[in-house]
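Throughout, protein chains are lettered first and strands after them, A, B, ... in sequence-line order, and every chain is numbered starting at 1.
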Amino acid sequence: MSTAKKGPFFLTNTLTRRKEEFVPLRPPHVGLYVCGPTVYSDVHLGNVRSFLTFDVLYRWLTFVGYKVRYVRNITDVGHLTGDVDEGEDKIARRARLEQLEPMEIVQKYTNGFHDVMRLFNILPPSIEPTATGHLIEQIAMVQRILASGFGYEANGSVYFDVPGFATKHPYGELSGRKIDELLANTRDTEGMEEKRSPLDFAIWKKADPSHLMKWPSPWGEGFPGWHLECSAMSTKYLGGTFDIHGGGMDLKFPHHECEVAQSVAADGHAPVRYWMHGNMLTVNGRKMAKSEGNGFTPEELLTGDHKLLEKGYSAMTVRFFMLQCHYASTLDFSNAAMQASEKGLERLEKAMALLPGLKPGDADGADIEALEHRCHAAMNDDLNTPVLIAELFEAVRLINSVNDSKLKLTAGALERLRSLMQAMVRDVLGFRAEAGAGGDDRMLDALVQEFIHLRAEAKARKDFATGDAIRDRLGAIGIALKDSKEGTTWERT
RNA sequence: GGUCACGUGGCCGAGUGGCUAGGCAGAGGUCUGCAAAACCUCGUACAGCGGUUCGACUCCGCUCGUGACCUCCA
């Protein structure tokens, strides 16, 4: 709608390490690719943060009017544990441990991933391609890399020749690495005899006969290298050059750096115009990671059944907690912070619930349009959700003041406030209204209203003891009564 | 060891060369029979030491501390 909404959107481009105005290649279309999960185990809260960051990006781009094709892959093969040459495929390993077919593992954890995304109200992408579903594209890309001279075959595997590539093209720009420093810092090359350089990485790996996940290729039976799938699938669905590629900070090197090199080698040009990296969720100052053992699953979060959790927290509380921090900063998980977020979200949601019932006045006590502009400006400034939330609390103050008859807003201003809050809270930040905040259940509401009448009668005859007893006993079962000039309202506690 | 970040009031966290972030907790007030909620007011935060500047929390340097990446990890 308004141009204000579409006003310049700035985001930090990892390639240049600065905020740049975002201008799509082919407006109004935007191509967005985000590295999805490797489906070999449950996602934890740190993973959620990354997907949440790009969910908000997707929501914002959509809100300002772009037609976004959002591709987020599922990695279901090729991701090895430990050392590149000696590691075992993560999914195959899990299949062995759980005594299941690899594809059963893939399905199981893909289902789990989707459940978690729904729980946190993270929208599904437009396309969710899998690596195993794109072997032909990956093999073709390996062939293009070989044709370019930057790949070589060794004993049924194909490797990317990083030093060779670096003599002709920049390598390391994205992650700020220098090839000499990388070479100087490499560890021992034990078990890497197939590679010409320790910096080289596999784009196709030979599979031994015992391997469960393998496919025929021009180089024999094998499977694709981890970095290749993203390059092949992003090219297929978004084109050789597309707008935004996102992922966690920890993927910057080597994963994304390798993607850049692969595309340049295979197709002759850089694949991505804007790279975005979300920062880590930490616990006691340390990155939450599967390997650290300091992660917890969404189920444990909801129930509070984990040694790091003092109690359970709702998915929306976590969403609020995470969005109160900028995506590019590390965020430390703590129970105190979670409890503060729980209260804050509750205050926001209470104001949202008041919104439909507000009565218009005959004056405008606040400039809603200016507030709206500040909200849009916050998001346009590199998705500054903490500043947006700060503005929303300004709106909360206005809503409560109107509700208390301390402030007047005309019908027009109220309408604008309502649509602003709906847009920012629900559409952009993606806070789903959670049931129970006062009147969703008609029968329960009718019942509580009866008690409110009884209590009002008691109070009318100055029988405060009875009135207080009604309030206290309802309070004991989780229903709080609140008196005001307009009458008594209730809510769950 | 190399590279790159970060260090903000009781807690979590934005931001800026000079002007109140916000949330939670705390204090006082208004309202109320009381309470809760709501609203109003309050805290003189920016790791330390130097430097640049009329002026720095914000720029530069050093010191200390913490973390990330360099190997799979969102």
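The side chain of Lys406(A) contributes no N or O atom lying less than 4.0 Å from OP1 or OP2 of rU30(B). Look at Arg177(A) and you won't find any side-chain N or O under 4.0 angstrom from OP1 or OP2 of rC69(B). Taking 4.0 angstrom as the limit, Asn384(A) places a side-chain polar atom (N or O) nearer than this to OP1 or OP2 of rG15(B). Applying the 4.0 Å criterion to OP1 and OP2 of rA14(B), one finds that Ser329(A) has a side-chain N or O inside that range. Remark: Arg347(A) is in phosphate contact with rG23(B), judged by side-chain N or O atoms under 4.0 Å from OP1 or OP2.
Within residues 389-402 of chain A, the residues that place at least one heavy atom under 4.0 Å from RNA chain B are, in residue-number order, Ala390(A), Phe393(A), Arg397(A), Asn400(A), Ser401(A).
Shown here for Pro102(A) and Ile91(A), the closest heavy-atom pair between the two residues is O-CG2, 3.8 Å. Contact record, Pro224(A) with Gln138(A): CB-OE1, 3.2 Å, taken as the closest heavy-atom pair.
The distance from atom CD of Gln339(A) to atom P of rC24(B) is 14 Å, rounded to the nearest whole Å. If you take CE of Met338(A) and C1' of rA25(B), they are 17 Å apart, rounded to a whole angstrom. Nucleotide rC4(B) holds its C1' atom 14 Å from the CD atom of Glu257(A), rounded to whole Å. Protein atom CD of Glu310(A) is 18 Å distant from nucleotide atom P of rC24(B), rounded to whole Å. Look at CZ on Arg374(A): it is 15 Å from C1' on rG15(B), rounded to the nearest Å. Between Leu331(A) atom CG and rG23(B) atom C1' there is a gap of 13 Å when expressed in whole angstrom units. Distance Phe333(A) CZ to rG13(B) P: 12 Å, rounded to the nearest Å. Across the protein-nucleic acid pair, Asn294(A) atom CG and rA74(B) atom C1' stand 13 Å apart, rounded to whole Å.
Considering only side-chain atoms of Gln324(A), the nucleotide from rC24(B), rG22(B), rA14(B) that sits closest is rG22(B). Comparing rC34(B), rA74(B), rA14(B) by their nearest atom to the side chain of Arg471(A) picks out rC34(B). Listed nucleotides rG13(B), rA74(B), rC12(B) differ in distance to Cys325(A); the shortest reach to its side chain belongs to rG13(B).
Nucleotide rU53(B): unpaired (no Watson-Crick or G-U wobble partner with both distances less than 3.5 Å). Using the Watson-Crick or G-U wobble rule with both distances under 3.5 Å, rA68(B) pairs with rU3(B). Pairing of rU44(B), defined by two Watson-Crick or G-U wobble distances under 3.5 Å, is not identified with any nucleotide. Pairing for rA21(B) is absent, with no Watson-Crick or G-U wobble pair whose two atom distances lie under 3.5 Å.
Within 4.0 Å of Lys178(A), counting heavy atoms only, lies no atom of the nucleic acid at all. Within 4.0 Å (heavy atoms only), Asp332(A) reaches sugar-phosphate atoms of the nucleic acid but no base atom. Counting non-hydrogen atoms under 4.0 angstrom, Ala289(A) reaches a base of the nucleic acid. Here Gly247(A) lies in heavy-atom contact (under 4.0 Å) with sugar-phosphate atoms only. Looking at heavy-atom distances under 4.0 Å, Met280(A) makes contact with a base. Within 4.0 Å of Lys287(A), counting heavy atoms only, lies at least one base atom of the nucleic acid.
Comparing Thr330(A) and Arg17(A) by the nucleotide of RNA chain B that holds the closest heavy atom to each, the one mapping nearer the 5' end is Arg17(A). Along RNA chain B, the nucleotide nearest Leu481(A) and the nucleotide nearest Ala328(A) are compared for position; the residue whose nucleotide lies closer to the 5' end is Ala328(A).
A cation-pi contact, defined as under 6.0 Å to the ring centre and within 45° of the axis, is absent between Arg426(A) and Phe431(A).
The gap from the C1' atom of rC19(B) to that of rG23(B) amounts to 23 Å, rounded to the nearest Å. Across rC40(B) and rU58(B), the matching P atoms stand 32 Å from one another, rounded to whole Å. The C1' atoms of rA45(B) and rG51(B) are separated by 23 Å, rounded to the nearest whole Å.
Look at Lys252(A) and Glu257(A) and you find no salt bridge, because none of the NZ, NE, NH1 or NH2 atoms lies under 4.0 Å from a carboxylate O. With respect to Asp55(A) and Arg59(A), a salt bridge is recorded, a charged nitrogen being found less than 4.0 Å from a carboxylate O. The residues Glu98(A) and Lys108(A) are annotated as salt-bridged, a charged nitrogen and a carboxylate oxygen being separated by less than 4.0 angstrom.
Between the OG atom of Ser41(A) and the NZ atom of Lys90(A) there is a distance of 8.0 Å, given to the nearest 0.5 Å.
Residues Glu128(A) and His114(A) bring a donor and an acceptor atom of their side chains to less than 3.5 Å of each other.
Using a 4.5 Å heavy-atom cutoff, the side chains of Tyr33(A) and Cys230(A) are in contact.
Each of Tyr327(A), Tyr70(A), Phe113(A), Tyr58(A) was evaluated against Phe51(A); a single residue qualifies, Phe113(A), per the ring-ring contact (aromatic ring centres under 6.0 Å, His included) test.
Taking the 5.5 Å centre cut-off and the 30° plane limit, the aromatic side chain of Phe51(A) is not classed as stacked on rA74(B).
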